[in-house]
Amino acid sequence: MKVLGINGSPRQGGNTDILLEKALAGARSAGAETESIVLNGLNISPVQEKEYENVNNEGFSVVDDDIQLVYRKISGSDALVLASPIFFGSLSAQVKIMIDRFQCVWVAKNVLHKDVFPRRLRGAFLCVEATARADFFENARSIVRNFFAIINAGYYGEVFCPDVEKKGEISRHAESLEKAFELGIKITSG
Ligand SMILES: Cc1cc2nc3c(=O)[nH]c(=O)nc-3n(C[C@H](O)[C@H](O)[C@H](O)COP(=O)(O)O)c2cc1C
């Protein structure tokens, strides 16, 4: 069982990072092999709305930047934990740019009728914010659910941690960290 963490925060050692690492620790404790990628360290250009010309035989974008690495890592995983801070009531730009680059997969699936992700993945979502706005988390969740549907990932659960702003502040939120650990176990064990 391979569990891939995708960290959508620009702040390493920040709240998203800590929460994601806790979920991956939970996955490892249940026997999974884990790996994480930091979107902020990748060069992924925003989608250009040329999916019909740009889709390759596999159903991925032909635009040769670091999204290729993301496609490969997701394809080679059994489960995915996507983590993002709330920025302006939504996912971080890093996560949104990545998600938009899966529009080729949408075209491949719905127009070309190709099964790009034939294997059912397991998906989980982690999110943090400074305030306690439930509507922001709900907004982010709805985008992530949409993304998971495109990549054929079941939604195994989520951890939303409000009231964290400063870097690393989430370390004092033991309950959220515990929930992330448990979610890591759940996504591994099925
Ligand atoms: C550009 C930007 C926009 C933000 N927008 C929101 C917001 O709309 N609502 C909120 O509650 N927090 C907002 N925040 C606060 C972050 O969600 C919060 O500090 C979070 O803990 C950052 O996670 P990180 O440490 O993983 O980067 C924003 C922060 C930044 C930098």
Side-chain angles (χ1 to χ4, degrees), residues 2-29 32 34-48 65-67 69-70 73-74 77 79-102 121-148 151 153 155-188:
K2 283 192 186 167
V3 180
L4 176 69
I6 298 185
N7 181 347
S9 169
R11 192 155 67 170
Q12 293 319 290
N15 300 316
T16 307
D17 194 8
I18 292 168
L19 196 60
L20 177 59
E21 283 312 313
K22 205 71 186 172
L24 296 180
R28 283 191 296 275
S29 80
T34 68
E35 185 182 0
S36 50
I37 52 180
V38 181
L39 294 177
N40 200 48
L42 300 181
N43 172 28
I44 303 176
S45 56
V47 73
Q48 298 300 310
D65 59 16
D66 289 340
I67 196 68
L69 180 143
V70 179
K73 295 282 181 200
I74 294 180
S77 300
L80 169 71
V81 183
L82 177 60
S84 177
I86 290 289
F87 285 173
F88 281 88
S90 188
L91 298 165
S92 71
Q94 287 83 348
V95 174
K96 188 59 167 53
I97 286 174
M98 175 200 75
I99 289 177
D100 287 352
R101 291 292 301 280
F102 280 77
L121 291 164
R122 299 173 179 181
F125 178 44
L126 309 176
C127 198
V128 303
E129 67 176 8
T131 60
R133 292 273 301 257
D135 56 333
F136 289 171
F137 285 137
E138 282 155 17
N139 183 38
R141 175 206 283 136
S142 112
I143 302 165
V144 169
R145 275 187 172 277
N146 217 315
F147 169 58
F148 281 4
I151 62 168
Y155 195 84
Y156 271 60
E158 62 196 20
V159 177
F160 295 160
C161 184
D163 302 318
V164 286
E165 183 167 21
K166 296 197 175 63
K167 183 175 176 177
E169 205 179 342
I170 201 167
S171 297
R172 295 203 296 269
H173 290 242
E175 199 182 320
S176 292
L177 296 177
E178 186 54 36
K179 280 185 189 160
F181 191 86
E182 292 299 326
L183 185 53
I185 294 174
K186 181 179 172 188
I187 205 169
T188 304

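Computed from a predicted structure; not experimentally measured. Ligands are counted one by one from 1 in listed order, and the atoms in each one are counted from 1 as well.
Protein heavy atom nearest atom 5 (N) of ligand 1, with residue, atom name and distance: Phe88 N, 2.8 Å. Scanning the protein for heavy atoms near atom 8 (O) of ligand 1, the closest one is Gly89 N, 3.0 Å. Distance from atom 26 (O) of ligand 1 to its nearest protein heavy atom, with residue and atom name: Thr16 OG1, 2.6 Å. In this structure, the protein non-hydrogen atom closest to atom 27 (O) of ligand 1 is Ser9 OG, 2.8 Å. With respect to atom 11 (O) of ligand 1, the closest heavy atom belonging to the protein is Thr131 OG1, 2.6 Å. The protein heavy-atom contact nearest to atom 31 (C) of ligand 1 is Phe87 CE2, 3.7 Å. Of all protein heavy atoms, the one closest to atom 15 (C) of ligand 1 is Ala130 CB, 3.7 Å. What sits closest to atom 17 (O) of ligand 1 on the protein, heavy atoms only, is Ile86 O, 2.7 Å.
The contact set between ligand 1 and Val164, taken as ligand atoms under 4.0 Å from a residue heavy atom, comprises 18 (C), 19 (O), 20 (C), 21 (O). For ligand 1, the atoms lying closer than 4.0 Å to a non-hydrogen atom of Pro85 are 22 (C), 23 (O). Counting the atoms of ligand 1 from 1 in the order shown, those under 4.0 Å from a heavy atom of Arg11 are 19 (O), 22 (C), 24 (P), 25 (O), 27 (O). The contact set between ligand 1 and Val128, taken as ligand atoms under 4.0 Å from a residue heavy atom, comprises 17 (O), 20 (C), 21 (O), 23 (O). The Asn15 neighbourhood of ligand 1 comprises atoms 21 (O), 24 (P), 25 (O), 26 (O), with distances under 4.0 Å to a heavy atom of that residue.
Remark: the Asp65 side chain and the Ser45 side chain contain an N/O donor-acceptor pair separated by less than 3.5 Å.
Side-chain contact between Leu177 and Glu21 is absent, with no heavy-atom pair separated by less than 4.5 Å.
For atom 19 (O) of ligand 1, the nearest non-hydrogen atom from the set Lys166, Glu169, Glu165, Glu129 comes from Glu165.
For Phe102 and Phe147, the gap between ring centers is short of 6.0 Å. Between Phe125 and Phe160, a ring centre-to-centre spacing shorter than 6.0 Å is recorded.
Salt bridge absent: Glu182 and Lys186 never bring a charged side-chain N and a carboxylate O closer than 4.0 Å.
In this structure, Asn43 contributes its side chain and Asp66 its backbone to no donor-acceptor pair below 3.5 Å. A distance-only check finds a donor-acceptor pair linking the side chain of Gln48 to the backbone of Pro46 [under 3.5 Å].
Applying the side chain to side chain contact (heavy atoms under 4.5 Å, CB included) test between Pro85 and each of Asn7, Val128, Val95 identifies Val128 as the sole match.
For the atom pair CG of Leu126 and CD1 of Ile6, the computed distance is 11.5 Å after rounding to the nearest 0.5 Å.
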